[in-house]
Each structure stands twice: as C-alpha cells, then as structure tokens.
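Basis for what follows: all heavy atoms, side chains included, without hydrogens, waters or symmetry-related copies. What you see is a predicted model; the values in this text were computed from it and never measured.
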Amino acid sequence: MITVTSNDVRVLARSRDHDPVLAVVGGEVRVIPEAEVGDDDRVVCTQRMLVHELGDEVSDIEAQLFAGRLTALLAE
C-alpha cells in the first residue's frame, strides 16, 4: 500500500517547482513538476489544490490529516 506522509504534503506546499504535483512515480510518492508526469504516473494532488484546501500555511496537524485523506484516495 502506498502511503502519503505529512512530510510529502509539506514538501508539496513549499515546492518552488513550476506547477508542482504530488505523484506516485514508480511506486513512490514524489513531488515533481506537472510537466514531468509520465503516462504511468498517478497525480495525487497539485499544489494549487493543496493551497485551495488548506491555504498558504500548512500546520503539522493539517498536513497529517490531508496526508491521510490522500492515502485513502489512493487505496480506492
């Protein structure tokens, strides 16, 4: 089972890449620019979506809860 961690969420929130996304790449969760998402990769969340949901500042508790939501989505 692939798990999104609160650290993954914080890395996405702080990323300075152009249009960063949290994606499953080769079975691992990574933050990459949207332009680098391959056909076999799965986008879990975009930075735009994260900011829309949680705002510009993400607390540790918010990151943990959001990571749990994303992990649950991956399990579906």
Euclidean distance, C45 SG relative to H52 NE2, rounded to 0.5 Å
11.0 Å
Spatial distance of atom CD1 (I2) from atom CG (L73) [nearest 0.5 Å]
13.0 Å
Out of curiosity, R69 CZ to E53 CD, how far, rounded to the nearest 0.5 Å?
4.5 Å
To the nearest 0.5 Å, how far apart are CG in L70 and CG in L50?
8.0 Å
Quick note, side chain to side chain donor-acceptor pair (under 3.5 Å) partners involving residues 22-51, not counting sequence neighbours, are D19-R48
Report whether I32 and V43 are members of the same hydrophobic cluster (ILVMFWY, side-chain heavy atoms less than 4.5 Å apart, transitive linking).
yes
Does some side-chain heavy atom of V29 sit less than 4.5 Å from a side-chain heavy atom of T5?
no
Does the side chain of V21 come within less than 4.5 Å of V31's, by heavy atoms?
no
Can you get from V25 to V44 by hopping between Ile, Leu, Val, Met, Phe, Trp and Tyr side chains that sit under 4.5 Å apart?
no
Nearest 0.5 Å, please: how far is OG1 in T71 from CG in D8?
8.0 Å
Got a second to check how far F66's CZ is from R10's CZ, nearest 0.5 Å?
13.5 Å
Is it the case that the side chain of S15 and the backbone of V11 share a donor-acceptor pair, with hydrogens and angles ignored and the cut-off at 3.5 Å?
no
V9 and A63 have their tightest heavy-atom pair at CG2-O, 3.9 Å
